[in-house]
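Remember, it's 1-based here, ligands and their atoms both numbered in the order they're listed.
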Amino acid sequence: MMILGSHVSLGGNDQFLGSVKEALSYQANAFMVYTGAPQNTLRKSITQMKIKEAHELIRSSQIQFEHIIVHAPYIVNLGNPDPEKRNFAVSFLIEEVKRTHELGSKVMVLHPGAHMGDGPELGIQRISEGLQQIIDQTIDYPVTIALESMAGKGTEVGRNFQELAAIIKSTNRSSRIGVCYDTCHTSDAGYYVKTSFDDVLAEFDSVIGLSYLKVLHVNDSKNPQGAMKDRHENIGFGTLGFDVLHSVITHPKLTHIPKILETPYVEDPLKENASYPPYAYEIQMIHQGTFNPKLKEIIVQNRGII
Ligand code: FE
Ligand code: FE
Ligand code: ZN
């Protein structure tokens with residue numbers, strides 16, 4: 001059984017219940033949410049998130065709690081040279097770990113951070129210290145923090161497996177730390193995802209250890225290998241291509257890992273500011289196993305609804 005889903009939204013009246021409904025509308029058996037807008041740190045209280053109703057729906061569905069992922073907002077930066085901003089990131093992420101637990105999820109994806117010019121070594125040190133504080137202050141919350149592999153744009157830390165491994169090694173509770181592998185990011189960072197994914201996976205195993213792998217972000221990339229850009233493309237429409245991404249999703253060593261699509265909404269060429277979620281169609285195409293070059297047109301015709 002493929003464990004496959006996508007990023008879904010959380011908001012409006014239905015809150016987390018709406019996230020589950022959205023995932024089910026895509027025929028997904030896994031999903032990922034931000035607990036609010038990814039670009040800010042304003043968060044609703046968990047009592048307002050319709051968690052009880054959401055959990056009832058999950059229990060009656062094909063989704064297992066182990067396959068629900070939370071993504072921390074990407075503007076908090078544990079690598080920030082400013083200690084006040086680092087402290088804010090730490091206290092926000094402590095609350096985010098607790099929210100992750102309340103939502104019933106066991107994995108929180110985190111962009112490690114950016115060194116902002118101070119260099120990766122200092123960045124790694126600051127990030128490790130911050131992570132250690134978060135872990136120490138959330139001992140009663142069985143959530144694994146999955147550090148995401150980054151594309152290497154700007155001063156991002158985590159652009160290669162060595163940097164992720166260095167962060168993990170500097171914390172003393174490595175059972176609470178994992179990794180989220182993003183196909184677009186690793187290709188953009190220079191790994192041979194397209195031509196030799198097996199070698200990339202072997203390198204991941206020797207540098208970090210496959211047991212640390214908790215989530216896969218499956219995205220095509222708008223840019224060639226090594227571009228360091230981080231611009232996602234729909235499955236099959238980018239430089240990686242459908243066959244490569246399908247073989248990642250169906251890889252025998254990755255069967256038990258949830259795969260999450262974070263591909264872009266498809267824009268309506270005839271309507272300004274209208275775009276539709278691709279996930280129902282991408283999930284169906286992945287299950288069928290063959291690329292449909294007309295997929296984007298079909299998504300627009302049907303406004304993303306199957
Ligand atoms: Fe991410
Ligand atoms: Fe990602
Ligand atoms: Zn990305």
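- Listed by chain and residue number, the protein N/O/S atoms under 2.8 Å of the Fe ion (ligand 2) are Glu148 OE2, Asp182 OD2, His217 ND1, Glu262 OE1, with waters left out.
- A cation-pi arrangement is not found for Arg159 relative to Tyr191, the charged atom failing to lie both closer than 6.0 Å to the ring centre and inside a 45° cone about the ring normal.
- Residues Gln64 and Asn29 have side chains that never bring a donor and an acceptor to within less than 3.5 angstrom of each other.
- Using a 4.5 Å cut-off between side-chain heavy atoms of Ile, Leu, Val, Met, Phe, Trp and Tyr, Met32 falls into a hydrophobic cluster with Ile69, Val107, Val109, Val215, Ile260.
- When ring centroids are compared, His185 and His232 come within the 6.0 Å threshold.
- Aromatic ring centres of Phe237 and Phe291 lie closer together than 6.0 Å.
- Between Phe242 and His246, the ring-plane angle classifies as parallel under the 30° and 60° cut-offs.
- For the ring pair (Phe, Tyr, Trp, His ring centres under 6.0 Å) condition, no pair includes a residue of residues 253-275, sequence neighbours left out.
- Between Asp118 and Arg126 there is a salt bridge, since at least one side-chain N of the basic residue sits less than 4.0 Å from a carboxylate O of the acidic one.
- Listed by chain and number, His185 NE2, Asp230 OD1, His232 NE2 are the protein N/O/S atoms closer than 2.8 Å to the Zn ion (ligand 3), with waters left out.
- Between Phe31 and His67, the ring center distance fails the sub-6.0 Å criterion.
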